[in-house]
Amino acid sequence: MKILVIGSGGREHAILWKLSQSPRVTQLLCAPGNAGTQQIATNHPVAASDLPALLALAKSEAVDLTIVGPDDPLAEGIVDLFQSEGLRIFGPRAAAARLESSKSFAKGFMDRHGIPTAASSTFSELEDALVHCRTASYPLVVKADGLALGKGVVIAQNQTEAETVIQQMMVDKIFGDAGATVVVEDFLTGPECSLHALVDGAKYLLFPDARDHKRALDGDLGPNTGGMGTISPSRVLDAAMQERVRNEILEPFVAGLKVDGLQFQGMLFPGLMITPQGPKVLEFNCRFGDPETQVLMRRLKSDLLDLIEATIDGRLSEVHPIWDDRTAVCIVLASGGYPGLIEKGKVISGLESVGTDPDVEVFHAGTAWKEGKFVTNGGRVLGITALGSTLEEARIKAYAVADQINFEGKQLRRDIGA
Ligand code: AMP
Ligand code: GLY
């Protein structure tokens, strides 16, 4: 089978790495890809946002199946487009992808179907939002309604901060149209975890839990990023809490899709907070997480292609994946300045001398191959992913390799999973 993966991050490299182990895969393509995907797939220089060009590529290459990595093409309707042309593709249609691309839509869905989440109000008029701030209790969470590269959530400590950020989003348009509407919600407390579940429209298949480290600096300081490292299992979901998550979140989610007539054959990735009252949804993502996918693919022992196909065909009840019960850790090496302005093109050294430990895999993200060298090409550069029989063993292995690889400005957190 010939498979096209759309995207260029560590998530896409990890998905391709896993697919490359499938006996049923004959050829892998990636658009646009990175220097790591190039080693196991044919990269095509087509942007993940260029839907017509992606369609043309899938047709001209006679691709059998397309897997979408990032959120934007899903929100733009790539699944609807490919399906209307008779092509096989993994992911929710645009109407269902709104669960990620519109926070107010997701809030409405959760309220309609009784899924626990923070109490919220949605505003598209500045004056109404400001009036709300006068009587709200603080801290208060202000969210841009649309996709904002993971930067659209601000925790306001007082009324002044809330008013400022609402002005920035709604009037100054710092997130463009994504901030024209804002969702204002109660501040919750508790440990967070990343859940992944394949959803075939009627059933779901829960993956092991993972935990992201979103802040840029050690000790959860600094600005929010796309994710600086992950562990799986998360160590915040015990069996009883997992049962609650199934009953209170996943069951009502798939039931709600049916009631609302939403077509979702893809990956659901809810961000959860385990509050004193139980699990609550902070946000829905409608795709694989990055860098959650890196640890999940390391732990998946079964064929990913079987799971993807069962999802598309509505046969999830027939597949029973096997997971490595060891712990996986992914350490992200980022460019200096990330998540702010970064410089690209720094030569990456040490990749060639990384050992051959089968438990350690280096997934590429923002990398390129230039004049015979690996160079940096984005904010998050590499994800060093290791398995260990204990969390500590996995951390030691991952950090040992992370320390062998260098580039100017290299930035990493030392406390992933600590
Ligand atoms: P999101 O993009 O919605 O996942 O939000 C990004 C981060 O903001 C989350 O990982 C949480 O740390 C924080 N956050 C979001 N919503 C809330 C909330 N209602 N209460 C407390 N923290 C939140
Ligand atoms: N690591 C968080 C995300 O993929 O959204």
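Starting from 1, each residue takes its place in the sequence as its number. Order of listing sets the numbers, starting from 1, for every ligand and every atom in it. All figures in this text were calculated on a predicted structure; none of them were measured in a lab.
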Electrostatic pair K18-D303, nearest N-O below 4.0 angstrom
no
Does F105 have R98 sitting over its ring (NZ/CZ under 6.0 Å from centre, angle to axis within 45°)?
yes
Side chains of R299 and S232: donor-acceptor distance under 3.5 Å anywhere?
yes
Give the atom numbers and elements of ligand 2 that come within less than 4.0 Å of a heavy atom of F269.
2 (C), 3 (C), 4 (O), 5 (O)
Looking at non-hydrogen atoms alone, which of V153, V184, L188 comes nearest to atom 21 (C) of ligand 1?
L188
Return the orientation label for the F363 and H13 ring planes: parallel under 30°, perpendicular over 60°, tilted otherwise.
perpendicular
Tell me if a side-chain donor or acceptor on D145 pairs with a main-chain N or O of K103 at a distance below 3.5 Å.
yes
Provide the number and element of each atom of ligand 2 under 4.0 Å from a heavy atom of G289.
4 (O)
Looking at K107 and E185, is there a salt bridge between them, counting it only when a charged N and a carboxylate O are closer than 4.0 Å?
yes
Between E292 and ligand 2, which part of the residue brings a heavy atom under 4.0 Å of the ligand: side chain, backbone, both or neither?
side chain
If you scan protein heavy atoms around atom 11 (C) of ligand 1, the nearest is E192 OE2, 3.1 Å
Report yes or no: does a heavy atom of K280 sit under 4.0 Å from some atom of ligand 1?
no
Under-4.0 Å heavy-atom contact with ligand 2, by part of R287 that carries it:
side chain
Top protein contact for atom 2 (O) of ligand 1, by heavy-atom distance
E283 OE1, 3.2 Å
Considering the heavy atoms of F187, write down every atom of ligand 1 situated less than 4.0 Å from one of them.
20 (N), 21 (C)
When you measure from atom 1 (N) of ligand 2 to each heavy atom in T293, D71, D212, which option holds the nearest one?
D212
If only side-chain N and O atoms count, and only distance matters, is there a donor-acceptor pair under 3.5 Å linking H113 with D260?
yes
Take every heavy atom of G227, measure it against each atom of ligand 2, and state whether any distance is under 4.0 Å.
no
Gap separating the OG1 atom of T66 from the CG atom of L4, nearest 0.5 angstrom:
4.5 Å
Checking the N or O distance criterion of under 3.5 Å, is ligand 2 in contact with F288?
no
What atoms of ligand 1 come closer than 4.0 angstrom to any heavy atom of K103?
2 (O), 3 (O)
Closer than 4.0 angstrom: is that true for some heavy atom of D186 and an atom of ligand 1?
yes
For ligand 1, which atoms have a heavy atom of L282 less than 4.0 angstrom away?
3 (O), 9 (C), 11 (C), 16 (N), 17 (C), 18 (C)
Would you say the ring centroid of F253 lies under 6.0 angstrom from that of F284?
yes
Rounded to the nearest 0.5 Å, what's the gap from OH on Y138 to OG1 on T160? Could you check?
8.0 Å
In ligand 2, the atoms that come under 4.0 Å of a heavy atom of G226 are 1 (N), 2 (C)
For ligand 2, find out whether one of its N or O atoms is nearer than 3.5 Å to an N or O atom of E283.
no
Could you tell me whether N224 and ligand 1 have an N or O pair separated by under 3.5 Å?
no
Counting each atom of ligand 1 from 1 as listed, which ones have a heavy atom of K143 under 4.0 Å away?
3 (O), 15 (C), 16 (N)
Any Lys/Arg nitrogen of R414 or D403 sitting under 4.0 Å from an Asp/Glu carboxylate oxygen of the other?
yes
Note: ligand 1 atoms sitting under 4.0 Å from heavy atoms of E185 are 16 (N), 17 (C), 18 (C), 19 (N)
What I'd like to find out is whether the side chain of R93 reaches to under 4.5 Å of the side chain of Q83, using heavy atoms alone.
yes
Euclidean distance, R134 CZ relative to E163 CD, rounded to 0.5 Å:
7.5 Å
State the atoms of ligand 1, each with its element, that fall below the 4.0 Å cut-off from a heavy-atom position in K214.
4 (O), 10 (O)
